[in-house]
Each structure stands twice: as C-alpha cells, then as structure tokens.
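The chains referred to below are lettered A, B, ... by the order of the sequence lines, with proteins before strands, and numbering in each begins at 1.
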Amino acid sequence: MSINPQGDWLADLETIAKPSAKTGIKLDRRGFIQATLSAAGGLLVTATIGTGARRAEAAGVGEIGLFVRIESDGTTVIGARSPEIGQGVNTSLPMIIAEEMDADWASVKVEQLPFGIVSTEAEPGLTWKYGPQGAGGSTNIPDAWSDLRQVGAKVRQLLRQAAAQHWNTDLDRLSTEGGVVRHADGRRISYAALAGIAATLPWPEEAVALKSAKDYRLIGTAQGQVALREIVTGQAGFGIDARIPGALVAVVARCPYFDGELESFDATEAKKIPGVREVLVLPGPKHGQPITENLATGVAVLANDSWAAIKGRRALKIRWKPGPYGHESSESLDQQCRELLKGEGIRCRDDGDFDAARRSAAQTIEGNYRVPYVSHCPMEPQNACVHVQPDRVLIIAPMQSPSGASRVANQITGVDRFNIEVRMTRVGGGFGRRLTNDFVAEAVHLSKLSGKPIRLLWTREDDLRHDFYRPFGHHQLIATLDGRGALTGWAHRLASASKYYRRPNLKPEDMWTPEIYPDDFPAQLLANVRMEWFAVDSGMTRGSWRAPAHTANAFAVQSFVDELAVAADRDPVDFRLAILGQGQEYSYSGHGGPTFDSGRLAGVLRLAAARIGWGRKMPKGRGLGIAAHFTFGGYAAHAMEVSVAEDGSYRIERCVCAVDVGRPINRSGLEAQMIGGTIDGISTARNLEIHIAGGQVVESNFDTYPLLQMADAPEVEVEIVDSDKDPSGAGEMGIPTAAPALTNAIFAASGVRVRSLPIGPTVA
Amino acid sequence: MIKLVVNGQPREFDGDSSMPLLWYLRDHAHLTGTKFGCGIAQCGACTVHVDGSAVRSCTLPMAALEGKQITTIEGLAGERLHAVQQAWIEEDVPQCGYCQAGQIMAAVDLLKRDPDPGDEAINTLTNLCRCGTYPRIRKAIKRAAQLARAEGEQ
Ligand code: FES
Ligand code: FES
C-alpha cells in the first residue's frame with residue numbers, strides 16, 4: 001500500500017479501489033469512475049456509481065439510478081453519500097445533483113445513503129458503490145464535481161426520454177425546468193408523473209452533456225443546510241443517539257500512559273454498582289507495533305445504562321504500567337527539538353544554493369516558532385453501536401471514514417466485508433479525529449468478547465486524553481535579503497513529531513511527508529529554498545487535525561514573512577505581493593494540486609487587505625495583521641484588526657476572511673465553513689495546548705482545554721471570490737491563516753512578536 | 001420514587017437518584033435531543049429548562065428534581081416553532097449541530113430574562129461550539145428577539 005502524503009484517509013480509500021493489473025488502468029480515487037467506464041466490459045460498468053435502474057420491477061416507485069427517487073407526491077429524494085460532519089456536504093452534494101437534473105430544490109428531501117461497496121467482477125477486488133464516501137482532505141466537493149454532476153444529468157436525460165415515450169415525440173423537443181419536462185409546443189409534465197417510466201429505462205453508460213454554468217439556478221446560491229429543522233427540534237440523529245435493541249453501554253478505562261500496559265485491576269466494587277453487567281479486559285496494540293485497531297489497552301465496564309457504566313468505571317481499581325515513554329514531558333520535547341535543530345536533517349527540498357545566498361546576503365534573519373500538540377475534541381465524544389454476530393456485523397457510528405470501519409471490523413471478526421453493514425449517522429464534528437476508527441474497533445472487540453450488542457460511550461476525558469493529536473514541532477526559519485530588502489533565500493527547518501505514528505507499512509524516509517509540503521509558499525517563487533525535517537521521538541499518538549501541517553506551517557511561514565517585511569522596512573502586503581510576483585501557475589505535487597496559482601493567492605491577499613482598510617493610520621495600541629495561504633486547492637487570506645491593552649490583553653476588533661475555492665456551490669455553507677475555520681483558528685491559537693507530564697496527557701476536560709466562547713468570538717466578514725474555476729472543498733481552507741493574521745496584528749498593535757502558541761489571554 | 005414532568009408529561013423514576021438528569025433524559029426518557037459534551041457543566045450541550053430556567057443537566061442529580069417541570073429541546077416548539085428555533089433556521093446557524101440544542105435552550109432563557117439582548121448580554125452565554133457558529137448564533141438571537149416582538153404584536 002502506498003501512503004498518500006497529506007491524506008491518510010485517501011490511502012485508506014485507495015485500498016478499496018484497487019489498481020487494475022489486468023487492464024493496466026489505475027483505478028485510483030479520482031479516476032476509477034472514468035476508468036471503469038472506459039474499460040469496456042459490462043460487468044465492470046455495473047460496479048460504477050449510478051448504474052442502471054435499481055430494480056426494474058420497481059417501476060412506478062421512481063428510483064432512477066442509485067441516488068434519486070421521485071415519489072408520487074412530487075418529492076425528489078436525493079441520496080447523500082458522504083459523512084455529514086458539519087461541513088455541509090449533505091446539502092452541497094445533493095445540490096449538485098439537483099442542479100444537473102433540474103429538480104425543484106424546494107421539493108428535494110435528502111437521505112443519508114449507507115456505506116456501499118461492490119466487487120469488481122473483472123478481477124477480485126472491491127470498489128465503491130456510490131463513489132467515494134468519506135470526509136477528509138476537503139475532497140467531497142471536487143469529487144462530486146467530477147462524478148455527481150453526471151449522475152444528475154443522467155437522471156434528467158432519463159426523465160426526458162420518459163417524456164419522449166409518453167408523448168411519442170422527439171427528445172430534442174424537450175427541455176426541463178424545476179421538476180418539469182416541457183415540450184416545445186408548450187405542454188408540461190411533472191417529473192413525478194414520469195418517474196415510473198424513467199425508472200425502467202437503462203442507465204446511460206456514456207457520459208451525457210452537462211449544463212452550462214450560465215444556466216445554473218441552484219449552484220452558487222445560498223441554501224440553508226437540509227437538516228436544519230431536525231437539528232433545532234432535537235430530532236437529528238447523531239451517533240450517540242443511535243440504539244441497537246438490547247445493547248449494553250460500554251465505558252472503558254484506557255491506559256493513560258503512551259504505549260503503557262495494564263498491570264492489574266480489581267472490579268469487585270464496580271460489579272456491585274446496580275446495572276453493571278460485566279467487566280472485560282480490552283486488548284490494546286502491541287508495544288511499538290502499528291496501531292490498526294483501538295489505540296490503548298483498557299478495562300471495559302458493560303452496563304444497562306450510561307450512568308451505571310460511568311459509575312462502574314469510577315469504581316474500578318486499576319494499576320497501569322508506564323511504557324517506554326513514561327518520562328516524556330512537554331519540556332523534554334522542547335529540549336529534544338532544540339538539540340535536533342543543531343544538527344542536519346532530511347532535505348525535503350533544496351533548490352538553488354541557500355548557503356551561497358546566505359554568504360552573499362545583506363541581511364540574514366532568523367525566526368523560531370513553536371506549535372503545540374492540540375486535540376480535535378469534536379463536540380460529540382466518540383461512540384459506536386456495534387453488534388457482532390457469527391456471520392454478520394452491524395456498525396452505527398459517527399465516522400469520517402466508514403470504509404475504515406468496515407475494514408477494521410473485518411480484521412477483528414473475519415466476517416466478510418459484504419456482511420458488515422455500516423450505517424453513517426450525522427456526526428457531531430470531525431476535524432480529522434474520526435478518520436481513525438479506533439472507537440469502532442473497541443466496540444467491535446467488546447461486542448465480540450461479550451457476545452452482545454454494544455453501545456460504546458466515551459466521556460470528554462476519554463476523548464481529550466486518547467486522541468490522535470495534531471503534531472507538535474519547532475520551526476526554525478532563516479531568510480536572506482539583498483541590499484534592497486528583497487528576499488533571496490529561504491530555509492525552513494522543522495523538528496516535529498510526525499503525524500505518521502505507528503501506522504502500518506511506514507518507511508522512515510516517508511515520515512517527513514505529512515509535516516512539510518515541499519511545494520508550499522515560497523517554493524518555486526524563489527531561487528534558493530531549502531526545507532529540512534528532523535524526527536522528534538514522542539509517544540503521543542498523532543493524526544490528521546483539520547488542514548494538517550498547513551496550520552502549523554502557515555503560522556510559522558506567515559509570521560516569518562511578516563518579520564522579514566519589518567526587517568526590510570516594507571509594507572507586509574507589498575512584501576508578500578513582491579514574492580508572489582506575476583500571477584502564474586506552478587506545479588504542486590501535494591494534495592490540492594496539480595497546480596498552485598500565485599495570482600489567486602495574491603487575489604485573496606488583496607481582497608482581504610482592501611476589506612480591512614489596509615494602510616490606514618492606526619491609533620496607539622491598535623494594529624492590522626494579514627496572512628495568506630494555499631490549502632488543498634483553495635486560497636484564503638485573513639486580515640485582522642486587533643487592539644492590545646496596557647495589561648497585555650488583546651481583542652479582535654475586526655476579522656476578514658477572503659477565500660477563493662473556485663466556483664461556490666452553496667454560498668451559505670461556504671461562508672459557514674470560513675467562519676468556522678476562522679473561529680477554530682483563533683480558538684486554538686489563543687487558548688489551546690495539550691501538555692504532557694510523566695508520559696501522560698495533562699488536560700482532561702474543557703475546564704483545562706478552554707475552547708473559545710461567545711465573548712471572544714469576533715464577527716467574521718467573509719469575502720468570497722466569484723470564480724468560475726472548478727471548485728475545491730472548503731472545510732480546511734479557513735483555518736491556517738487565522739493564527740498568523742492574529743499574531744501579526746498583535747505585533748502591529750503592540751510590538752510583541754508571538755512565536756510560540758498558544759498565545760494565552762495576554763501578551764507580554 | 002421521583003415524580004417529575006418532562007415536556008408536559010408526568011413521569012416517574014425509581015432508579016439511581018444520583019443519576020444526572022442528562023442520562024435520565026437520554027437513556028430512560030428516550031429524549032436524545034439533549035446532548036452530552038463534558039459532564040462537568042462546562043460546555044452547555046446538555047442545557048434544558050427546569051421550572052423555566054436554563055440548567056446544565058449533566059451535573060443535576062435526579063434526587064433534586066422531585067416535582068420539577070423539565071423542558072427539553074423536543075418540547076420547546078408548540079404548534080409552531082419557537083422564535084429562537086425559527087431564527088436559527090433563518091440564519092442557517094448550525095454546522096455539525098451537536099451543540100445547538102443546548103445553544104437554543106440557553107438563548108431562550110436569555111431572551112426570557114432580556115427580551116432585547118445587546119452584544120454584552122449575548123456575551124454572557126458560555127455554551128461552547130466547537131464548529132465556531134458563534135457569529136451566526138449572535139445574529140440569530142437578535143433575529144429571534146425581533147421575531148418574538150413581531151409575534152407579540154400580532
Ligand atoms: S455536558 Fe453538561 S455542560 Fe457539558
Ligand atoms: S455546531 Fe458543531 S459544535 Fe456547535
């Protein structure tokens with residue numbers, strides 16, 4: 001298995017859509033639909049999305065392909081294939097289908113599709129039934145753009161064909177609009193009246209014509225998310241709300257030491273608690289071995305209800321043994337980074353001759369930045385309902401990677417993948433935490449061990465102390481300026497605990513790839529660029545945290561660029577624009593490529609600057625700060641106005657976020673993602689750090705891990721670029737530049753340069 | 001035996017009286033709209049009304065609820081949605097939605113105490129939202145105040 005840098009879940013998905021050795025066509029994530037379509041063989045074609053009327057005998061019901069069902073009352077039911085984690089895909093993806101099929105959005109009802117796999121019959125292997133089903137890397141919109149538009153267009157085509165049959169007329173006399181087929185002679189017939197016939201027609205195998213953008217009625221509008229009513233009335237079903245009849249609630253005491261062990265335990269008192277039914281040992285990963293199931297060994301209390309299970313766990317007496325990281329602390333990690341950076345690391349990029357640039361520089365500037373471990377802490381703690389039976393498994397859970405859940409259940413139980421039913425619920429936040437299915441694995445183990453259906457519940461303490469944390473690191477940046485203050489050389493040296501920690505099939509030489517994205521700014525814009533990485537040894541489990549390395553690296557890079565502008569006595573916006581140069585496309589090998597357009601980055605930078613009123617004279621104690629970054633195919637910039645009081649407390653007076661993610665699909669959802677990303681960035685930069693002491697996580701709940709509250713949350717003025725470029729996603733673009741824009745503004749207001757996160761409530 | 005009224009319905013509970021109201025609602029009354037976020041009264045996801053005032057149900061034991069009237073998110077709307085729910089829809093507030101039942105219950109309580117809350121009053125709300133919906137919550141509370149006034153004038 002090849003690991004896809006920056007998108008472990010993409011790698012996860014690739015194991016489903018196996019490359020085809022026989023045809024030589026690589027059925028990769030993005031390409032497999034087209035590839036299977038062009039691979040001739042009808043059998044293969046049946047394995048692609050949206051194929052065929054699902055059931056010919058269902059004529060009259062109106063199931064047209066796999067995604068659309070038109071009911072006799074005119075309701076158009078559209079299937080949503082991806083996990084809804086708050087990023088709005090259950091609205092935006094159906095909008096894409098509805099647009100191309102010309103449905104009336106007011107009559108659309110969205111239903112969550114189950115996880116679907118089908119076997120590729122041309123050779124043994126699995127592929128997606130509905131196309132990719134996951135939430136990570138901001139890929140849902142671009143994926144949907146490449147396949148779901150066809151789904152919608154094919155439904156529309158079948159409805160027109162049905163009308164042609166019905167009226168016995170030529171197809172080219174028929175147009176569609178808002179759920180109706182219109183004849184050139186003025187006659188009209190509703191989709192509902194045609195659905196029965198359309199459902200019996202063969203699904204078009206060849207691609208059909210898509211709408212031209214000028215005819216869009218829905219794409220680019222602002223729509224409220226489809227589950228609003230359910231959410232505000234308490235009816236939306238999250239994972240934690242799922243129930244399997246007869247299930248026992250499981251609460252687990254997990255080993256608090258990184259890679260530690262269970263020494264002994266006494267469950268006598270726990271078993272006395274009314275409602276406690278069973279106490280079980282939950283096996284964990286082997287020392288130092290890859291973590292492919294649950295992440296720690298534990299003792300599980302199974303009980304009739306949540307409270308009994310929680311009380312039962314409290315009553316357990318357990319002795320844990322620290323593992324090899326028993327002495328790790330935040331301080332020891334800082335020390336390790338400082339030592340490492342004295343040596344030589346792995347060169348991830350080395351353009352031109354940085355050493356020569358340094359020798360001939362008029363000025364050499366250095367900045368050192370520290371980015372702490374942070375936790376995902378989605379508002380909904382981890383949970384899963386699982387029932388393992390000898391020949392089948394049922395999983396109902398809030399997941400970002402349902403395919404991973406299916407795989408881990410297969411790994412633990414040996415039950416055939418086709419007999420593992422995976423139901424996606426609404427997800428109370430993801431942020432990357434639920435790309436890993438360790439909690440599903442726990443529930444599968446416990447159901448298998450106990451022989452009963454299990455409803456696993458994590459408390460907040462469990463969630464904060466057993467996460468796959470955002471990597472910690474020290475960044476050393478060195479730049480050279482010539483006599484006129486122009487940037488001539490750049491070195492980024494990063495010592496970090498790689499996101500790739502105890503994953504299977506990892507090669508040491510791949511460990512840097514999720515930490516430094518070598519085509520990031522200012523690579524290619526400058527002749528002499530060096531990027532160097534140093535491996536920090538830490539027992540902390542790490543993983544993908546919203547926009548992974550972009551949050552850490554954009555903070556370091558965009559802070560440092562600001563320092564350079566000061567050193568060069570240049571305006572920070574002009575200085576950045578000078579580096580970006582003439583707008584031009586550069587190659588970008590990482591996720592979000594294949595190209596990076598410096599003109600689009602300059603565009604959002606200018607837009608943010610204009611909106612905040614850049615260049616205004618500021619009163620004492622106030623300052624403007626700015627930052628811009630390219631994240632996974634999208635461009636974003638933040639500009640903030642900050643006031644710093646005498647006592648060092650600071651306030652965001654205004655906050656602008658400018659974004660170019662290509663063509664906006666749902667404006668309200670896009671704006672929400674930018675607001676949310678911005679607040680997340682501010683919250684994390686201001687307050688959040690996970691500390692380590694004695695080989696354990698120190699923080700345990702929101703009292704010590706204080707998320708931003710209303711009083712400190714600024715209004716976010718979102719500027720959306722009206723682009724006609726193909727859309728990227730939007731879930732991660734709004735976060736990376738929030739922290740550096742804030743700290744740059746703090747510097748402008750106070751002269752205090754924040755180089756270590758979190759900032760804290762005051763600046764010194 | 002503890003007797004209480006939940007969303008207008010009389011109920012009885014004879015289980016563990018140390019059980020927080022949150023778990024009674026979710027596990028025994030089958031009202032899962034009220035959410036678990038922290039269990040230590042820090043996040044507000046579990047906010048319900050007891051005798052008309054907002055409380056965090058995760059730390060409120062059943063023993064303290066004899067004779068009390070509980071309203072949960074499921075019981076907030078009458079024939080029509082409550083003005084706060086309506087405003088939440090109009091402003092498209094939720095992202096993941098997990099915190100929103102608590103946010104709404106807290107906002108309803110605020111509007112009872114202050115029918116025309118300014119930013120200062122809204123800033124006293126301490127319910128957490130991991131998705132960062134605060135700016136839209138602020139707008140929605142102001143809109144709800146308007147809607148409620150308009151309803152009152154009808
Ligand atoms: S769950 Fe009650 S305040 Fe967090
Ligand atoms: S909407 Fe997700 S936590 Fe508030």
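Ion pairing between a basic and an acidic side chain is recognised when a charged N comes within 4.0 Å of a carboxylate O; B/Arg136 and A/Glu715 show no such pairing.
Contacts between B/Leu76 and chain A at a heavy-atom distance below 4.5 Å are absent for every atom of the residue. Looking at A/Leu464, there are no atoms closer than 4.5 Å to chain B (heavy atoms on both sides), in backbone or side chain. For a residue to count as touching a neighbouring chain, one of its non-hydrogen atoms must lie under 4.5 Å from one of that chain's; by this rule A/Leu707 touches chain B with backbone and side chain alike. Heavy atoms closer than 4.5 Å to chain B are found nowhere in A/Pro706, neither backbone nor side chain. Neither the backbone nor the side chain of A/Pro274 comes within contact range of chain B; no heavy atom of the residue lies under 4.5 Å from a heavy atom of that chain. A/Leu457 touches chain B through its side chain: at least one heavy atom from C-beta onward sits under 4.5 Å away, while N, CA, C and O do not. Of the atoms belonging to A/Phe702, heavy atoms from both backbone and side chain fall under 4.5 Å from chain B. With a 4.5 Å cut-off on non-hydrogen atoms, B/Tyr24 does not touch chain A at all. Looking at B/Thr133, neither its backbone nor its side chain comes within 4.5 Å of chain A, counting heavy atoms on both sides. Heavy atoms of B/Ser18 lying under 4.5 Å from chain A belong to its backbone as well as its side chain.
Annotation: maximal heavy-atom pairing with chain A below 4.5 Å, among B/Pro20, B/Gly75, B/Gly15, B/Gly33, occurs at B/Pro20. Between chain A and the options B/Leu128, B/Ile122, B/Ile137, the largest number of non-hydrogen pairs under 4.5 Å is found for B/Leu128. Ranked by heavy-atom pairs shorter than 4.5 Å toward chain A, the options B/His82, B/Gln100, B/His28 are led by B/His28. If you tally non-hydrogen atom pairs under 4.5 Å between each of A/Glu84, A/Gln673, A/Arg426 and chain B, the highest count goes to A/Arg426. The candidate with the highest count of non-hydrogen atom pairs below 4.5 Å against chain B, out of A/Gln223, A/Arg229, A/Gln87, is A/Arg229. Note on B/Thr126, B/Leu31, B/Asp119: by heavy-atom pairs under 4.5 Å with chain A, the leading option is B/Thr126. Of the listed residues A/Gly428, A/Ala222, A/Ala672, the one with more heavy-atom pairs under 4.5 angstrom with chain B than any other is A/Ala672.
For the pair B/Leu81 and A/Thr233, the minimum side-chain heavy-atom distance is below 4.5 Å. When side chains are defined from C-beta on, B/Cys43 counts as touching A/Met379, because their heavy atoms get closer than 4.5 Å. Counting heavy atoms from C-beta on, the side chains of A/Ile240 and B/Tyr98 come closer than 4.5 Å. A 4.5 Å side-chain heavy-atom check between B/Asp27 and A/Arg455 finds at least one atom pair inside the cut-off. Side-chain contact between B/Asp16 and A/Lys311 is present, with at least one heavy-atom pair separated by less than 4.5 Å. A/Asp305 is not listed as a side-chain neighbour of B/Trp23, based on a closest heavy-atom distance of 4.5 Å or more. By the 4.5 Å heavy-atom criterion applied to side chains, A/Asp241 and B/Arg26 are counted as neighbours. Here the side chains of B/Asn127 and A/Gln709 are not in contact, with every heavy-atom distance at 4.5 Å or above.
Under a cut-off of 6.0 angstrom, the local environment of NZ in B/Lys112 is crowded, with over 12 non-hydrogen atoms contributed by other residues, nucleotides or ligands.
Taking CD from B/Glu91 and CG from A/Leu228, the interatomic distance works out to 11.0 Å, rounded to the nearest 0.5 Å.
The two residues A/Ser668 and B/Asp92 come nearest to each other via the heavy atoms OG-OD2, 2.6 Å. Considering all non-hydrogen atoms of both residues, A/Pro714 and B/Pro135 come closest at O-CG, 3.5 Å. In terms of heavy-atom proximity, A/Gln235 sits nearest to B/Glu74 at NE2-CG, 3.8 Å. Between B/Lys35 and A/Phe238, the closest heavy-atom pair is CE-CD1, 3.4 Å. Considering all non-hydrogen atoms of both residues, A/Glu461 and B/Ile40 come closest at OE2-CG2, 4.2 Å. Across all non-hydrogen atoms, the minimal contact from B/Gly132 to A/Ile675 is O-CG2, 3.6 Å.
A donor-acceptor pair is defined here as one N or O able to donate and one able to accept, closer than 3.5 Å; such a pair exists between the side chain of A/Gln225 and the backbone of B/Pro94. A donor-acceptor contact shorter than 3.5 Å is absent between the side chain of B/Arg130 and the backbone of A/Gly429.
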